[in-house]
There are 4 protein chains.
Amino acid sequence: MARDPIQRRSKEKKRKIIVAGMKLFSEKGFHKTGIVEIAEEAGVSVGSFYGYFLDKKDLLIQVSQAYGSNIIRGIYGRITEEAPLSGSSHEIVKYIVDSARQAHTLSTELHREMLALKNREPEMAKLDKSITCSFQTGVESILENCRDRIKIQDIRIASKLVTGAIEETMHSCFLEHSEEPKDRIFEELIEMCTGYLFKPTELN
Amino acid sequence: MARDPIQRRSKEKKRKIIVAGMKLFSEKGFHKTGIVEIAEEAGVSVGSFYGYFLDKKDLLIQVSQAYGSNIIRGIYGRITEEAPLSGSSHEIVKYIVDSARQAHTLSTELHREMLALKNREPEMAKLDKSITCSFQTGVESILENCRDRIKIQDIRIASKLVTGAIEETMHSCFLEHSEEPKDRIFEELIEMCTGYLFKPTELN
Amino acid sequence: MARDPIQRRSKEKKRKIIVAGMKLFSEKGFHKTGIVEIAEEAGVSVGSFYGYFLDKKDLLIQVSQAYGSNIIRGIYGRITEEAPLSGSSHEIVKYIVDSARQAHTLSTELHREMLALKNREPEMAKLDKSITCSFQTGVESILENCRDRIKIQDIRIASKLVTGAIEETMHSCFLEHSEEPKDRIFEELIEMCTGYLFKPTELN
Amino acid sequence: MARDPIQRRSKEKKRKIIVAGMKLFSEKGFHKTGIVEIAEEAGVSVGSFYGYFLDKKDLLIQVSQAYGSNIIRGIYGRITEEAPLSGSSHEIVKYIVDSARQAHTLSTELHREMLALKNREPEMAKLDKSITCSFQTGVESILENCRDRIKIQDIRIASKLVTGAIEETMHSCFLEHSEEPKDRIFEELIEMCTGYLFKPTELN
DNA sequence: CATGAATGAGAATTCATTCAT
DNA sequence: GATGAATGAATTCTCATTCAT
């Protein structure tokens, strides 16, 4: 019966467990990390663990949510507000790509693990979706805000496509270690997306 | 001591185990599938399993290899030869996207599981890479073959980008169940890639 | 991860397991005794077993140590202090032989098993050696204490020989069931040792 | 159904298996040696193994018998005939001790393993007994043959005692590696036994 | 509330023995 | 007779979860 931490001490303990989980899931993966280990890392007893979390999966979900909300709040959350809408289409797309880039620099290893589990655990999938979605929504509203310079009809689908392409490129750049220079790849990515989304600039 | 099957019967048995593994890993995931279960599904004794495979991970690798080589041989392998090079740029890209689509229709669930494990198991990652690579190489050579109609400079990087975008779209369409109509998405995908790769057609 | 029992309850549990091991190893031998059986006999879960012992071999070692220290402390340990040094040489040797006899009445079956394993398990051999050694040392110091009545030069080697002969006789009397009357054998044994160790008595 | 080898080829095969068993049991111990391994070492199929032996234990027994009869025939068997009865009592005992010494030089490791199992396997115990017995009987008849110089009354018991002491000393010298010089120990052993068995020489 | 020892179902793996070819 | 692949019971060990203190 996971209790809701009311006192400060409790909250602190729960936080410690989440941090420990984040660290260990990242380092060793979900399946290879044991509860005892997590408790030790958090400086907490096994019993306490079950005071705050239903089971190991529950911890994973909360760890991922913490990670996810970091990304969402920290980066995608502000994507709309700070977008350089007055800039060139190239600049706008570059801003979007850079945002994603920042998000993925955060904690590659944990992301890896989340990805590894989202296909089996519905909670995980939901979370992943909400992260992606928040990115997608951000892009959508940016595009909405410069609808007159936009070429494509269905902003929804276009956003999906573009964010998908960006995400994938991030993964292939950060999780696998491709030989191609990252910067060249990102440039091309921006090129592709700009060309797809925006009307050609007059004087180009 | 994994014996190497020489005789027909043995080969057949090994194949059965691989098929069983493919099925169960797809349905329940690697971690939730037990050896006994696999053996039962294959109509084989546990002892026999260990006659052909070192352990469960060994089976996973071989299952994935089987799956991978299916895709490679069956689809990406022939991508270059059968590409409609004389068709319009749109048709060419459509052909590429459709190939990917076929590959992913094959065994979505297993692919899911492979993806889930490639981040922890080096063997798995290698395999995934070789599949992706075979696709990428196919696209590269197609582009090579109509270089005069191609807009982009670096075919290598462009292929990577395009195959990445296509793969990602496939996954988001087949593994997650997006609400948007698949066909619309694929159309847009083709649009994006065509616009990026090819010079604009005269009479457009 | 064999926990070291600090609290009373834990110690009690560990003791129970050792007793169970002692019993079963004695009755059925090391190889034919399973962990589950041991746990059941001890009234403890399998998990608990692994809480206190690294594995079955670890239990064997600790069982043997317990048994060994019983013998050493209980019998050989006091051999020097209580030896009837003022008695006749025959009485002294009789005392030594009787001590050994007591030691071997204790737990013949387990001793059997220890013997059976000392040739393969270094830990076991070490233990056996330390038991024998403690006996030998005891004999040495007794002989030291009546050096003037002693015939042989090298007390060390003589002790080794004598304790060896005594041990062997014990084993052949207790482990195998010889037909000869034990008492006659022990008498002769005493005779042999006395004659070897001590100068002949004047009035004999 | 262990068949009795009639043809030469069969006999040869069986012999090979026994030799293989002897080697492997010596090297790795009974429990850690597998049937497949034995068959391979013997250059024979697993099926064939079961053509000649009922099970692994059966092989052990036969291996031990082969080993035992080697000792018996080769050494203890001839002990009586070749004893230097005309020599001094010291020479006679020395001859007995040397015989035992030879017997134990033969295959220390296998003997070790036999010892390790004789306490559990009745067949094994029987065999060990028959070896010991053959030694004991040999000693008995030697003593019988110089009864006039013998001090002790009961030759039977005295032989048992003496052979026991000799055996034990052999084991402690060959199986454990005592630091004391072997030759000194053997000299003392001879001393002890001579003193016990024989009347003191007049002119000594 | 906290603790961490206890639990025991479940998982992987081995290997003596059989038997179809 | 010979072969060696097949069998599956038996064994060891792990670890998420509970609960008495």
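Worth saying up front: this structure is predicted, and the values here are computed from it rather than measured.
In this structure, the OH atom of C/Tyr52 is 12 Å from the C1' atom of E/dT7, given to the nearest Å. Separating the NZ atom of B/Lys16 from the P atom of F/dA6 is a distance of 10 Å, rounded to the nearest angstrom. To the nearest angstrom, C1' of E/dT17 lies 15 Å from CG of D/Leu59. Taking atom NZ of residue B/Lys57 and atom P of nucleotide E/dT13, one finds them 10 Å apart after rounding to whole Å. The nearest whole Å value for the distance from the NZ atom in D/Lys11 to the P atom in F/dG1 is 14 Å. Protein atom CZ of C/Phe49 is 12 Å distant from nucleotide atom P of F/dT14, rounded to whole Å. Atom CG of D/Leu60 is separated from atom C1' of E/dA16 by 15 Å (rounded to the nearest Å). Across the protein-nucleic acid pair, A/Glu37 atom CD and F/dA16 atom C1' stand 13 Å apart, rounded to whole Å.
Nearest to the side chain of C/Lys13, among E/dT18, E/dC1, E/dT7, sits E/dT7. Listed nucleotides F/dT17, E/dT18, F/dG8 differ in distance to A/Ile35; the shortest reach to its side chain belongs to F/dT17. Set against E/dA9, F/dA6, E/dA12, the side chain of B/Tyr50 has E/dA12 as its closest nucleotide. When the nucleotides E/dA6, E/dA12, E/dA2 are ranked by their closest atom to the side chain of A/Ser48, E/dA2 comes out on top. The side chain of D/Lys56 lies closest to E/dT17 when the candidates are F/dT3, E/dT13, E/dT17. The nucleotide whose nearest atom lies closest to any side-chain atom of A/Ser45 is, among E/dT13, F/dT17, E/dT3, E/dT3.
A cation-pi arrangement, defined by a distance under 6.0 Å to the six-membered ring centre and an angle within 45 degrees of its axis, is present between B/Lys56 and B/Phe30. Under the 6.0 Å distance and 45° angle rule, C/Lys32 does not count as a cation-pi partner of C/Phe25.
Nearest-nucleotide assignment on DNA chain E puts the 5′-proximal partner with C/Val44, out of C/Val44 and B/Gly34. Mapping B/His31 and C/Gly43 onto DNA chain E by nearest heavy atom places C/Gly43 closer to the 5' end of the strand. Comparing B/Val46 and C/Asp55 along DNA chain F, the residue whose closest nucleotide (by nearest heavy atom) sits nearer the 5' end is B/Val46.
A 4.5 Å side-chain heavy-atom check between B/Leu59 and B/Phe49 finds at least one atom pair inside the cut-off.
Annotation: the span from A/Ile38 atom CD1 to A/Ile18 atom CD1 amounts to 11.5 Å, rounded to 0.5 Å.
Ion pairing between a basic and an acidic side chain is recognised when a charged N comes within 4.0 Å of a carboxylate O; B/Lys28 and B/Glu37 show such pairing. Salt-bridge annotation for A/Lys57 and A/Glu123: absent, with no side-chain N of the basic residue lying under 4.0 Å from a carboxylate O of the acidic one.
Within 6.0 Å of atom NZ in A/Lys23, 12 or fewer heavy atoms from other residues, nucleotides or ligands are found, so the atom counts as exposed in its surroundings.
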Under the 3.5 Å Watson-Crick or G-U criterion, the dot-bracket string of DNA chain F, with | for inter-strand pairs: .||||||||||||||||||||
